[in-house]
Participant: 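One structure is given below, represented as structure tokens, and several questions about it will come after.
These numbers were taken from a predicted model, which means no experiment stands behind them.
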Amino acid sequence: MGPESQKKNHNNTGRKQTQEARNIGVIFKFSEVLYDRKGAETACAENEQRFRALTEHASDGVVIYGSSGRIEYTSPATSRILGYSEGEILQSDPIQITHPDDLPNLLPMLNELQQTPGSTITTEYRMRHKDGSWRWIESNVSNFSKIAGIDGLVFNFRDITERKQAEETLRVSENRFRLATKATNDVIWEWNAKTHKLLWTENAQVVFGYLPEEVGPEEKWWDEHIHPDDRERIVSKMDSLIAGNESIWSEEYRFRRRDDSYAYISDRGYIERDASGEAIRMVGAMSDISERKQADKQVKLQLQRMSALSEIDRAISSSLDMRLSLDILLSEVLSQLDVDAASILLLNESNLTLEYLTGKGFRALSIRQSRIRLGEGHTGQVGLERKTLHIPNLLEAREQFGRADLLKHEEFRDYFGVPLVAKGMLKGVLEIFHRSSLDPDLEWVSYLETLCGQAAIAIDNAQLFEGMQKSNLELMAAYDATIVGWSHAMDLRDKETEDHTQRVTELTLKIAEKMGISQQKQVQIRRGALLHDIGKLGVPDQILLKRGKLSEEELAIMRQHPAHAFEMLSSIAYLRPALDIPYCHHEKWDGSGYPRGLKGEQIPLAARIFAVVDVWDALTSDRPYRPAWTKDKTLAFIKEQSGRHFDPGVVDVFLELISYSGAKPA
Ligand code: C2E
Ligand code: SIN
Ligand code: SIN
Ligand code: FE
Ligand code: FE
């Protein structure tokens, strides 16, 4: 805001000039008085009165220091400022009550001033008050000898001790502030509401890459570096904050780095206001939370993928089992077409063989041995040529038909072979056998072909489904790997608990194994442990990262995290069996836990195991709200809580394991 501050400066200069003009006015009137004193017969009592009225009520002191080295005049304010009576001042040697450290600077200035009539200087020095204290004085000293004929210097001064002290306090606190900013990774900024200037700490270089001279002092620089999508929102929030009466600024937005990438920052500040509520200045800190935001985004993406997976899952479980549907279809063939037996041979694409899949109406088992190469015998021809074949007299065609075993036991006479084709691909062959002659009409044949068409579709679906299952298995393996990444992302958000997830997962599995829990269940336990605090994603940062005790309301929000986990995970079929830990890890053996207040063995075993491990790891780690406990103290606590918070059986196994691993001193 360049123009604004220029205007302000201009005003300041203006004010200064007015003040000087006023002083000069005072002096002129005063000089008239002096002439009177110097013996002019026409004593101008009126002038004197006017002068006294002016100086008496002025807050600035006025003193005239004659070239004789005497004080020739002192105004009433001088006595108020320095505590001496008018008489005492007129008698005093001002040099005696000026601070000796300030004289070496002051005296040469005054000497020079005496040589240059008409000029004025402004200077600061200390004078001793009558009560013995040193007072800081700011003085405008003028040599009016040429203009007004005064033989000496006119001091126009005021007490600036308090201002000096304030400045000193500010200087000390600024130093402290500067030191403090060296110890943080935050960019500290200060905004002056009067000058509209922004100051930034050097950390702007570390965090955003800007050199000190590139960091603009104008507000606009800040505006311009906010991501275009965030700018309007943030700037208008800032404007209304300044105009309103709130004091706290807390926003998250993207801020452009020197390399043109954007950092996600959390910007927190505090506005100082004057008595009328007008903003004076604002101080704040920007911290780079890009990593955490990235982690949040990652977690959300994973959740979406998990949901997609659950869709596939649903499709799969509602899909028909191929064998079952083909069996039903064959029953239909026997009853509707009134034939003795029927079978389906499936094309094995890897060796181009038609292989028995299912059959109905056969007396012996030899049909199950059917393995016919494509093109071999009558059946092989049906497959190869994809043409329906009718053999009215199997006995005659016996040689070429092959499958002697089958014919020997079954006494078949009539045969139909129909190719099963779906989407232009051969899937297999459907065969019909009858022990007497068939006399099929057109309708019969067309129904047979319809059923064969359905069979082909059923096979095709089943094969697709199989492929899906296979790729689903691959997906699952991929998802298991991503759950690990997901849990890392959560630890990242909750910085203090970094690696907590990995540790509790390992220890929980050790206990589970020692307790003889099956491999299959261990897989679910592993997923559950990795995801145990996924529900904390629903807990706001101010609560999750709070350095100190949580209030009742905050605790209530925090305690929703197992329920959040349930909501998030229960819709994902693949993770449903892993829900025990995320949902129940804060239940307690005696029923005093949450969210459901389950008791004893109502609590899933996995969660009972996990509870011990989670508290063990939480207590032996630093938390934002308390330092780590020692291992001894924590073990004592866990023993004490056995049968209250924890399942005693689990505590026993835990203690055994911990002493094995040497964590417990002998
Ligand atoms: P967390 O810090 O990982 O703690 C997990 C569990 O360990 C706690 O579940 C509690 O059973 C046990 N625990 C942790 N620290 C202490 C402790 O100092 N003393 C005792 N006796 N037990 C402890 P809980 O209490 O249900 O808390 C769940 C989560 O809520 C905590 O996870 C933490 O993230 C948060 N939380 C709880 N109390 C506070 C608090 O006073 N301040 C803050 N900032 N967060 C808290
Ligand atoms: C402002 O320009 O008004 C505030 C500056 C900041 O948030 O960095
Ligand atoms: C954590 O994992 O950070 C704390 C344990 C919990 O609240 O479940
Ligand atoms: Fe938890
Ligand atoms: Fe935990």
Side-chain angles (χ1 to χ4, degrees), residues 1-5 181 184-193 195-244 246-272 279 281-305 485-486 488-495 536-546:
M1 270 248 177
E4 178 77 15
S5 59
T181 62
T184 162
N185 287 326
D186 291 357
V187 177
I188 315 278
W189 52 263
E190 180 179 338
W191 174 73
N192 186 319
T195 63
H196 291 262
K197 294 279 179 199
L198 258 168
L199 286 176
W200 305 78
T201 50
E202 289 156 17
N203 279 355
Q205 182 171 2
V206 183
V207 178
F208 302 128
Y210 296 108
L211 302 173
E213 63 270 22
E214 290 171 329
V215 181
E218 264 78 45
E219 296 161 331
K220 219 169 51 185
W221 191 86
W222 172 72
D223 289 5
E224 281 168 354
H225 283 72
I226 300 174
H227 193 286
D229 294 349
D230 296 336
R231 192 175 298 148
E232 201 179 319
R233 169 176 66 93
I234 294 299
V235 170
S236 81
K237 274 192 174 174
M238 177 61 84
D239 287 348
S240 60
L241 178 72
I242 291 169
E246 296 287 318
S247 302
I248 304 291
W249 165 250
S250 174
E251 292 295 334
E252 289 183 1
Y253 54 90
R254 285 159 291 179
F255 197 78
R256 192 161 73 243
R257 299 191 183 99
R258 190 170 193 264
D259 65 7
D260 284 340
S261 64
Y262 281 91
Y264 242 108
I265 57 155
S266 160
D267 191 11
R268 285 153 187 268
Y270 181 83
I271 296 196
E272 218 177 277
R281 60 183 201 130
M282 197 169 166
V283 177
M286 296 164 108
S287 47
D288 188 336
I289 56 165
S290 310
E291 238 188 6
R292 211 197 72 213
K293 277 282 167 188
Q294 192 58 35
D296 273 7
K297 231 163 97 186
Q298 202 74 18
V299 166
K300 282 189 188 121
L301 189 73
Q302 297 295 348
L303 200 59
Q304 276 167 10
R305 289 198 184 145
W486 199 354
H488 277 311
M490 283 187 290
D491 280 357
L492 243 176
R493 173 165 185 246
D494 193 355
K495 271 207 163 82
K536 282 187 178 172
L537 281 177
V539 177
D541 273 4
Q542 308 96 278
I543 298 177
L544 184 69
L545 306 178
K546 180 167 174 179

Participant: Does some side-chain heavy atom of Tyr253 sit less than 4.5 Å from a side-chain heavy atom of Arg231?
Facilitator: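 No, side chains not in contact.
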
Participant: Roughly how far apart are Ser287 OG and Tyr264 OH, rounded to 0.5 Å?
Facilitator: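 Nearest 0.5 Å value for the OG-OH distance: 14.0 Å.
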
Participant: Quick one, Trp249 and Met238 - any side-chain contact, counting heavy atoms below 4.5 Å?
Facilitator: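 Yes, side chains in contact.
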
Participant: Any donor-acceptor pair under 3.5 Å linking the side chain of Arg281 with the backbone of Glu272?
Facilitator: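 Flag not set: sc Arg281 to bb Glu272 has no pair under 3.5 Å.
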
Participant: Mind checking whether Tyr210 and His225 have ring centres under 6.0 Å apart?
Facilitator: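 Between Tyr210 and His225, the centre distance is under 6.0 Å.
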
Participant: Check whether any side-chain heavy atom of Ile289 sits under 4.5 Å from a side-chain heavy atom of Glu252, and report yes or no.
Facilitator: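 Yes - at least one pair of side-chain heavy atoms lies under 4.5 Å apart.
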
Participant: Salt bridge or not between Arg257 and Asp288? Use side-chain N to carboxylate O under 4.0 Å.
Facilitator: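 Answer for the salt bridge query: yes.
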
Participant: Side chains of Glu190 and Met282: closer than 4.5 Å at any heavy-atom pair?
Facilitator: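 Side-chain contact under 4.5 Å: no.
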
Participant: Taking the side chain from Trp191 and the backbone from Ile271, do they hold a donor-acceptor pair closer than 3.5 Å?
Facilitator: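 Between the backbone of Ile271 and the side chain of Trp191 there is no qualifying donor-acceptor contact (under 3.5 Å).
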
Participant: Do Val207 and Phe255 have side-chain heavy atoms sitting under 4.5 Å apart?
Facilitator: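 A side-chain contact is absent here, since even the closest heavy-atom pair is not under 4.5 Å.
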
Participant: Which heavy atom in Ala285 sits nearest to a heavy atom in Trp189, and how many Å separate them?
Facilitator: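 For Ala285 and Trp189, the tightest heavy-atom pair comes out as N-NE1, 3.9 Å.
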
Participant: With a 4.0 Å cut-off, would you call Arg233 and Asp230 a salt bridge?
Facilitator: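 Salt bridge: yes.
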
Participant: Once you round to the nearest 0.5 Å, how far does CG of Asp267 lie from CG of Asp186?
Facilitator: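 If I round to the nearest 0.5 Å, the distance is 9.5 Å.
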
Participant: Verify, without hydrogens or angle tests, whether Ser247 (side chain) and Tyr270 (backbone) share a donor-acceptor contact under 3.5 angstrom.
Facilitator: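 Side chain of Ser247 to backbone of Tyr270: no pair is present.
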
Participant: Short question: side chain of Arg256, backbone of Glu224 - any donor-acceptor pair under 3.5 Å?
Facilitator: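 Yes, Arg256 side chain to Glu224 backbone: donor-acceptor pair under 3.5 Å.
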
Participant: Okay, side chain of Trp200, backbone of Pro217: is any donor-acceptor separation there less than 3.5 Å?
Facilitator: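 No, Trp200 side chain to Pro217 backbone: no donor-acceptor pair under 3.5 Å.
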
Participant: Within the structure provided, determine whether Trp222 and Ile234 are in side-chain contact (heavy-atom separation under 4.5 Å).
Facilitator: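 In contact.
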
